[in-house]
Amino acid sequence: MPANSLQKNGIVLGKQRYKCKDCNATFREGDNRTNEKIIAKKALCILLYAMAKGSFRMLGKILNAYRTLVYRWMREFGTSLSEPTVSEEIQEMEFDEIWHFIGQKKKTLAN
């Protein structure tokens with residue numbers, strides 16, 4: 001962010017507040033909202049979600065965080081991953097427990 005697009009916008013809690021002329025965002029100098037505790041919660045949340053397939057609500061209750069925050073953590077982590085690649089050696093894949101029976105319904109509600 002170029003320095004000429006910033007303007008001073010008051011003082012909050014003893015720290016200078018700035019406003020971006022381009023996007024109208026405001027922030028304080030030294031605004032460090034991430035600490036070791038939050039980083040550890042994010043890592044644990046990602047691990048629990050990947051291993052246990054828990055819901056965002058359940059993870060929020062365990063970690064004492066909002067479920068929407070847990071969802072944002074998951075999206076942030078997911079978008080940071082690279083696109084998976086499939087080796088040319090693989091010619092056949094098997095997906096377990098995925099069966100579709102379209103048009104095979106044998107009973108109707110009227111019976």
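Everything numeric in this text was worked out from a predicted model, so none of it was measured. If you read the sequence from its start, that first residue is 1, and numbering goes on from there.
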(request) Report the C-alpha separation of Ile39 and Glu36 in whole Å, then their side-chain angles, then the decisive distance to 0.1 Å, and conclude whether the side-chain contact (heavy atoms from CB on, under 4.5 Å) test is met. (result) CA-CA 5 Å; Ile39 293 171; Glu36 292 81 22; 5.6 Å; no
(request) Begin from the C-alpha positions of Met74 and Ile46 and carry the test side-chain contact (heavy atoms from CB on, under 4.5 Å) through to its verdict. (result) CA-CA 7 Å; Met74 290 298 143; Ile46 291 166; 3.8 Å; yes
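Residues Gln16 and Ile11 approach most closely at OE1-CG1, 4.0 Å, considering heavy atoms. Minimum interatomic distance between Leu13 and Arg28 (heavy atoms only, all atoms of both residues): CD1-NH1, 3.1 Å. Closest of all the heavy-atom pairs between Leu63 and Lys41 is O-NZ, 2.9 Å. Cys45 and Val70 make their closest contact through SG-CG1, 3.4 Å (heavy atoms, listed as atom of the first residue, atom of the second, distance).
No side-chain donor-acceptor contact under 3.5 Å links Lys21 to the backbone of Gln7.
Atom OH of Tyr49 sits about 15.0 Å away from atom CG of Leu44, to the nearest 0.5 Å. A distance of 10.5 Å separates CZ of Arg57 from OG1 of Thr68, quoted to the nearest 0.5 Å. To the nearest 0.5 Å, the span separating CG on Leu69 from CG on Leu59 amounts to 11.5 Å. We find the NZ-CZ distance between Lys61 and Arg67 to be 9.5 Å, quoted to the nearest 0.5 Å.
In this pair, Phe56 and Tyr71 present their aromatic rings perpendicular. The plane angle is above 60°, beyond the 30 to 60° band.
With hydrophobic clusters built from ILVMFWY side chains whose heavy atoms lie under 4.5 angstrom apart, Ile62 shares a cluster with Phe77. Cluster membership check: Leu81 shares its hydrophobic cluster with Leu48, using side-chain heavy-atom separations under 4.5 Å among Ile, Leu, Val, Met, Phe, Trp and Tyr.
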